[in-house]
Amino acid sequence: MDGLKILFADVIVDITNDQVDNIFEYSFTDCEITLGSRVVVPFGKREIEGIVIAVKNTPRYELDKIKPISKLLEDTPALTEETLALMEHVSKKCYVTRALALRLFLPSEMRKGKVKEQFIKYLRLCDGVSIEQAVIGLKKSAVKQKELLNAFAEKDSLGYTYCVENFSVSAIKGLIEKGLIEIYKEKYNRSPYKHIETTSKDITLTDRQKSAVNSVIATEKTTSLIYGVTGSGKTEVYLNLIENTIKNGQTAIMLVPEIALTPQMLKQLRARFNDNAAILHSGLSAGERFDEWWRLRNGQARIAIGARSAIFAPLENIGLIIIDEEHDGSYVSESSPRYNTIEVAKFRAEYSGAKLVLGSATPSIESYKNALDGVYNLIELPERINKRSLPDVEIVDMRKEIRRGNNSPFSSALKEELQKCLDRGNQAIIFLNQRGYSKMVICTECGHVQKCEACDVSLTYHKEDNSLLCHYCGAKYKMIDACTECGSRFIRYGGTGTEKVVIELQKLFPKARILRMDKDTTQSKEGHFKILSTFANKGADILVGTQMIAKGHDFPSVTLVGILDADMSLHFSDYRSGERTFQLITQVAGRSGRAEQVGKVVLQTYSPEHPVLQRATKYDYQNLYKHEISVRKATGFPPFTNVVRVLISSENEEEAVKVTKSIYGEINLIYLENRDKFRFLGCMKAPLKRLQNKFRYQVLMRIDVNCTELIDKVFYVSDKYKSNKMFIALEINSNNLT
């Protein structure tokens, strides 16, 4: 090391344990190691990966105590200064270790060293080699070598694998040894959805769309909310904003709520921007995700498109972030780190001086309040592009259907409308947010419901493989032929799922071509894309599906939408149940009548008089908002407070109860000192009392907004009770309090 300058690096090692949430110092002499570099370092008795978060000339510790960095993993630093700042932000806001926050920024297989760049081997003539002279110089017996040389007369290079298959390894080896040909490698990009056909269309923006684009560009506010009805042309506004951003030499992130929507959006981006768009989501193969990530990091692609996790795309110089269907619950992570995508996007936008655009036909109550209060720039698109009216919604009272003796999933009105739709050669969508054949299996003798052995939930019957499935932990059981409680063979099915709906539809309309789209039919990487492509190309007449078909899709031939069990989500014990039901109905209804023909929606319910459903039939978001905001203000729910939950989970119920009481006792002391800032405090069993063989309890509170210091205190109280046998999580405004 004589003559080489020793430098020092602060490193975060890839260990998520709280005890190791520190910055460790290492030395190095390789000047290529910089801020954001991935390195391998000695840690105890092993070597482990880490990220360099600072490079220094002066050490904190004595030289003999500082170990050298073992290895630099890539020449290009994996993380930028901005993403390192975002890591610190996520770590602090989500109460997680820096190492856990850092994992959000890197493909997991890359972090584990399980995936690398892929290269393809080629053969070419060495410089100055003449094929004719080379062939003459070969022995008569070297037939394959001559054939291989002659193959270069038509092509400058040949694939190594092709040459092995057609000319043999020995022929290749012989020509290389003679100095006539050489092997070289080229990087191969594992690009997802290569087969997507793209056709560019010249679209003229309407005056309202032009105004929306100009408003986003001109506003001094970081965040704009585009509140536009379904079919109002929000996507074309997004594409024009992205185009403007790219022309300005900046990069853009485009988020959609469902993986099902990413191929559709990628198709439009590729048509407009060619290979400048890269896709990031969990449905890609390890190689595809790795290559797309590096295309963004190296600047080969400047637009990132994907679901929630794409907000952590490794882009520099970000000028625009778009979050479509911003109200959607999937933008809030339910596993650690429990981040809110919109909050992360705000940080990135403010850090980079970028514009953040939120779009929705049914904005979240929080976002719309921010827009009305002037925090966001509000842009409205109140009409559909083609000036068509939104589809008529007919409410059907299913109580009357049952009294008439109709026990099928379909009302007479829906059956009639389906027949008309099919007779006209149009397409229909049937929406039901319950997969499987039936929601539960019940014994008619003793009333026993089959439940998961590990979770406190009923099992769903799946007829295709005659099994019972837990939709929480994924456990699978054989279908019973007798009650496990009393032995009775009188078993019936309760509730209806998408699988059963398809079977019933096939009986009613035997000539109809029916597709089903839910979690069970989209397990493969391109499951979503294949189903949606088939339906878009009119390869099916009816599409049955869960909420993954409810948003963002544009099918010109769909003139009918049937909504089964519209009130399923209405009676959940959640302060957002009314808002979510309205959003879901409005979104799925918006799939109908998007082209020239008038659309129709049949909404089946057991609560036809419910105000939320009545407002949904009229697309009356304004009155829904007024009602929701007044109720939340009076009762102290978000956006006026933060709902904070400490979730305690353990295989030992007695210990879980003991810890819950201890945590509640300490938080109660905080409450007594800050009564004016708390709206509620209580401890109880979690609604889902047992999950994956763990008993669950919770301490629930509502704390006034802007009181983050109290949430910090709650975290520090609960965090000290964590152990290997006691899982404790802090959730803020969680989308799922079950």
Side-chain angles (χ1 to χ4, degrees), residues 203-213 215-216 224-241 256-258 261 264-265 268 322-328 357-365 367-372 376-395 429 431 547 549-556 558-561 563 566 578-603 612-628:
I203 295 173
T204 303
L205 297 185
T206 65
D207 289 342
R208 284 191 183 275
Q209 286 176 311
K210 288 176 186 173
S211 177
V213 171
S215 180
V216 171
S224 293
L225 173 66
I226 300 180
Y227 165 36
V229 299
T230 55
S232 59
K234 293 187 289 294
T235 300
E236 198 57 39
V237 171
Y238 302 152
L239 292 173
N240 274 266
L241 287 168
V256 290
E258 292 274 1
L261 294 173
Q264 178 182 306
M265 186 55 67
Q268 296 185 65
I322 296 169
I323 302 181
D324 191 27
E325 313 290 6
E326 64 85 28
H327 65 275
D328 198 274
V357 176
L358 310 176
S360 178
T362 54
S364 68
I365 299 298
S367 290
Y368 197 61
K369 182 180 186 298
N370 277 332
L372 293 181
Y376 296 168
N377 172 39
L378 178 60
I379 301 165
E380 297 188 65
L381 296 172
E383 295 176 345
R384 283 187 157 187
I385 285 294
N386 53 15
K387 302 290 184 183
R388 287 277 178 189
S389 58
L390 290 162
D392 291 330
V393 182
E394 178 185 350
I395 289 186
I429 286 176
F431 169 76
Q547 64 179 1
I549 67 167
K551 46 214 161 190
H553 306 296
D554 192 351
F555 303 117
V558 171
T559 57
L560 176 67
V561 166
I563 303 175
E579 176 190 4
R580 285 177 174 168
T581 302
F582 180 93
Q583 288 166 340
L584 202 50
I585 290 171
T586 304
Q587 291 293 330
V588 73
R591 300 314 107 211
S592 178
R594 293 175 72 94
E596 296 305 312
Q597 299 185 67
V598 178
K600 177 77 181 278
V601 178
V602 177
L603 188 155
V612 168
L613 300 185
Q614 290 294 327
R615 291 183 186 116
T617 63
K618 301 180 183 71
Y619 306 99
D620 188 3
Y621 176 81
Q622 301 297 329
N623 276 320
L624 175 91
Y625 173 79
K626 288 174 186 175
H627 175 264
E628 287 291 321

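Every heavy atom of this structure was used, including side-chain atoms; hydrogens, water molecules and symmetry mates were not. This chain uses plain numbering: 1 for the first residue, then up along the sequence.
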Gap between atom CZ of Arg615 and atom OG1 of Thr586 - 0.5 Å precision: 12.0 Å
Just verifying a value: how many Å separate Thr362 OG1 and Arg580 CZ, rounded to the nearest 0.5 Å? 12.0 Å
To the nearest 0.5 Å, what is the distance between CG (Leu225) and CG (Asn370)? 9.0 Å
Mind checking side chain to side chain contact (heavy atoms under 4.5 Å, CB included) for Ser224 and listing every partner two or more places apart, or none if nothing turns up? Val216, Thr219, Asn377, Ile379
Straight-line distance of Lys234 NZ to Ile385 CD1, nearest 0.5 Å: 10.0 Å
For the residue pair Tyr621 and Phe582, does the interplanar ring angle fall in the parallel (under 30°), tilted (30 to 60°) or perpendicular (over 60°) class? tilted
Identify the two heavy atoms, one from Tyr619 and one from Leu390, that lie closest to each other, and give their separation to 0.1 Å. CE1-CB, 3.6 Å
Output for pair (Glu326 CD, Ile226 CD1), nearest 0.5 Å, gives 11.0 Å
Does Phe431 have any ring pair (Phe, Tyr, Trp, His ring centres under 6.0 Å) partners at least two apart in sequence or in another chain, and if so, which? none
To the closest 0.5 Å, what do you measure between OG (Ser360) and CD1 (Ile323)? 11.5 Å
On a heavy-atom basis, the closest approach of Leu378 and Glu380 is CD2-OE2, 4.0 Å
What one should report as the nearest heavy-atom pair of Val229 and Arg384 is CG2-N, 4.0 Å
Ile365 backbone acceptor or donor facing Glu579 side chain under 3.5 Å: yes
Minimal heavy-atom distance between Ser592 and Pro391, with the atoms involved, is O-CG, 3.7 Å
Compare all side-chain heavy atoms of Arg208 with those of Pro382 and state whether any distance is below 4.5 angstrom. yes
Between Ile429 and the options Val561, Ile563, Leu560, Val601, the side chain to side chain contact (heavy atoms under 4.5 Å, CB included) test singles out Val561
For Glu258, which residues count as a side chain to side chain contact (heavy atoms under 4.5 Å, CB included) partner, sequence neighbours excluded? Ala260, Leu261, Gln547, Met548, Lys551
Minimum heavy-atom separation for Leu205 to Lys210, with atom names? O-CE, 3.5 Å
I'd like to check Asp620 versus Gln622 (side-chain heavy atoms, cut-off strictly below 4.5 Å). Are they in contact? yes
Quick check: closest heavy atoms across Gly233 and Gln209, and the distance to 0.1 Å? O-NE2, 2.9 Å
